[in-house]
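So the structure is just underneath, and the comments pick up after that.
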Number of protein chains: 2
Amino acid sequence: MSNSKYDVLKLENQLCFPLYAAAREVVKQYRPYLDAIDLTYTQYITMMVMWEEKEITVKALGEKLFLDSGTMTPVLKSLETKGYVTRKRSTTDERSVSVFLTDSGEALKEKAVDIPAKVAGCVGLTAEEGLQLYKILYKILSKEGEE
Amino acid sequence: MSNSKYDVLKLENQLCFPLYAAAREVVKQYRPYLDAIDLTYTQYITMMVMWEEKEITVKALGEKLFLDSGTMTPVLKSLETKGYVTRKRSTTDERSVSVFLTDSGEALKEKAVDIPAKVAGCVGLTAEEGLQLYKILYKILSKEGEE
DNA sequence: CTATAATTGATTGAGTTCAATTAAATTGAT
DNA sequence: ATCAATTTAATTGAACTCAATCAATTATAG
């Protein structure tokens, strides 16, 4: 057996590395489908929230997506340019900005509805593996929100 | 029950989204430890390969990390500036560039050896969850290399 | 009321990521 | 041997990510 204290630094012994690599690979799977509706992956998950919420503050949006305003602001500006959302500063608390889904944004949902099934086919996990993965990932995400 | 064909577009029904978010959150856990040795996460996993290989082509390095030359080149230039690697174009095949670990790069391993244990503690999965996650992620990664 | 603290979004800068392109070198088929 | 196809890195451009900082606003303490 060849064991050294440096084995912990081998790529094959990492858990973070395959997590990081798999995330990029799966996002890459979305690209052809998202290209067809002119969205990036970040814009797509932002629209997912908008389709559910219709109206939400930038702050709340960022919390749902685990992204900060430095990332959200340009994404929202781009979606506003495409006509899918509008932004308006709150009158009651001028520090906050609300984002609103437009009719055009609502209509886009129809074009996006087939995408999840198409990508799921490519990833090719069993239902059980999918569930296991889901649970573990949300365990990680719940831990991170703590400190 | 409230079911619609649009449920597949809800954030909570996605598998890719928590994968994408968890990957970023875990990478973020590394930051304080990596800041201490002046490496980014991408530079860190690149050094992991170098600690194992001592010498490797840019092509092979990119394949191991699932990154292309557009990402690797600036990372390697930065590591070269820090003195941890050198780069030299192959004499036998001048298309390829080999990367070499320097003594300084080798010495950095000693400073990095405690990092994996520190981060593992933060993520807080059980051994079984870790193994399940590992297997599923590599299943995803093996699928992606195919097409 | 006033000063301090906290919240919120925007901005900035460095680094990452990847598709597309370019340039050089090698390989393979004829 | 020659020319087309392939391989390899580098470059470019657009977008994402995040820490740090800033400015404006609101909340709280005294």
Side-chain angles (χ1 to χ4, degrees), chain A residues 16-17 20-36 38-47 56-63 65-82 85 87-99 144, chain B residues 16-17 20-36 38-47 56-63 65-82 85 87-99 144:
Chain A
C16 180
F17 166 69
Y20 160 83
R24 282 183 293 109
E25 293 298 325
V26 175
V27 167
K28 212 181 292 185
Q29 294 292 314
Y30 280 86
R31 185 173 238 271
Y33 309 112
L34 293 179
D35 276 353
D38 189 30
L39 289 183
T40 64
Y41 184 74
T42 315
Q43 291 166 5
Y44 172 63
I45 58 176
T46 301
M47 288 307 296
I56 189 172
T57 64
V58 173
K59 166 96 170 160
L61 191 46
E63 278 171 359
L65 298 178
F66 297 86
L67 293 169
D68 75 358
S69 69
T71 303
M72 290 314 306
T73 296
V75 168
L76 291 170
K77 282 183 177 174
S78 169
L79 289 174
E80 191 171 34
T81 300
K82 295 179 205 278
V85 304
R87 293 182 303 148
K88 203 162 77 72
R89 193 165 289 274
S90 165
T91 49
T92 60
D93 183 345
E94 296 210 2
R95 292 169 305 179
S96 76
V97 169
S98 282
V99 186
E144 308 308 324
Chain B
C16 180
F17 166 68
Y20 160 84
R24 282 183 293 111
E25 292 299 325
V26 175
V27 167
K28 212 180 291 185
Q29 294 291 313
Y30 279 86
R31 186 172 237 272
Y33 308 113
L34 292 179
D35 275 353
D38 189 30
L39 289 183
T40 64
Y41 184 73
T42 315
Q43 291 166 4
Y44 173 62
I45 59 175
T46 301
M47 288 306 296
I56 189 172
T57 63
V58 173
K59 166 95 171 162
L61 192 46
E63 279 171 357
L65 298 178
F66 298 86
L67 293 169
D68 76 357
S69 69
T71 304
M72 290 315 305
T73 296
V75 168
L76 291 170
K77 283 183 177 175
S78 168
L79 289 174
E80 191 171 35
T81 300
K82 295 180 205 277
V85 304
R87 293 183 304 150
K88 202 161 77 72
R89 194 164 288 275
S90 165
T91 49
T92 60
D93 184 344
E94 297 210 2
R95 290 170 308 179
S96 76
V97 169
S98 283
V99 186
E144 309 306 325

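Remember, it's a predicted structure, so these values are computed and weren't measured experimentally. Numbers restart at 1 for each chain; the letters A, B, ... are given by sequence-line order, proteins then strands. The figures here come from the full heavy-atom set of this structure, side chains too, leaving out hydrogens, waters and symmetry mates.
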Rounded to whole Å, please give me the gap between [atom1] in [X] and [atom2] in [N].
X       : N      : atom1 : atom2 : result
B/Lys59 : C/dT26 : NZ    : P     : 16 Å
A/Leu39 : D/dA14 : CG    : P     : 19 Å
B/Gln29 : D/dA19 : CD    : P     : 11 Å
B/Arg95 : D/dA10 : CZ    : P     : 13 Å
B/Lys88 : D/dA9  : NZ    : P     : 14 Å
A/Arg87 : C/dT8  : CZ    : C1'   : 13 Å

Open item on the list: Are A/Lys59 and A/Met72 packed together at the side-chain level, in the sense that at least one heavy-atom pair is separated by less than 4.5 angstrom?
Closed with: no

TODO: Indicate yes or no: at least one non-hydrogen side-chain atom of B/Leu34 is less than 4.5 angstrom from one of B/Gln43.
DONE: no

Spacing of [X] atom [atom1] and [Y] atom [atom2] [to the nearest 0.5 Å]:
X       : Y       : atom1 : atom2 : value
B/Leu39 : B/Lys82 : CG    : NZ    : 6.5 Å
B/Glu63 : B/Ile56 : CD    : CD1   : 9.0 Å
A/Phe17 : B/Tyr44 : CZ    : OH    : 12.0 Å
A/Ile45 : A/Leu65 : CD1   : CG    : 4.5 Å
A/Leu76 : A/Glu80 : CG    : CD    : 8.5 Å

- [ ] Give B/Thr92 one of three labels, base, sugar-phosphate or nothing, depending on what nucleic acid heavy atoms sit under 4.0 Å from its own.
- [x] sugar-phosphate

TODO: Would you mind classifying the nucleic acid contact of B/Ser90 as base, sugar-phosphate or nothing, using non-hydrogen atoms under 4.0 angstrom?
DONE: nothing

Task: Partners meeting ring-ring contact (aromatic ring centres under 6.0 Å, His included) with A/Tyr20 (sequence neighbours left out) - done: B/Tyr41

Task: Test item: side-chain donor near acceptor, A/Thr42 and A/Thr40, under 3.5 Å - done: no

Open item on the list: If you assign each of A/Met72 and B/Glu94 to its closest nucleotide in DNA chain C, which residue comes earlier from the 5' end?
Closed with: A/Met72

Task: Base versus backbone protein contacts along nucleotides 11-23 of chain C [heavy-atom cut-off under 4.0 Å; B, S, -] - done: B---SSBBB----

Polar pairs (N or O, both sides) under 3.5 Å between protein and nucleotides 1-3 of chain D?
none

Open item on the list: Looking at C/dT2, which nucleotide sits across from it as a Watson-Crick or G-U wobble partner, both distances under 3.5 angstrom, or is there none?
Closed with: D/dA29

- [ ] Would you kindly compare B/Ala60 and A/Asp93 by the position of their nearest DNA chain D nucleotide and give the one closer to the 5′ end?
- [x] B/Ala60

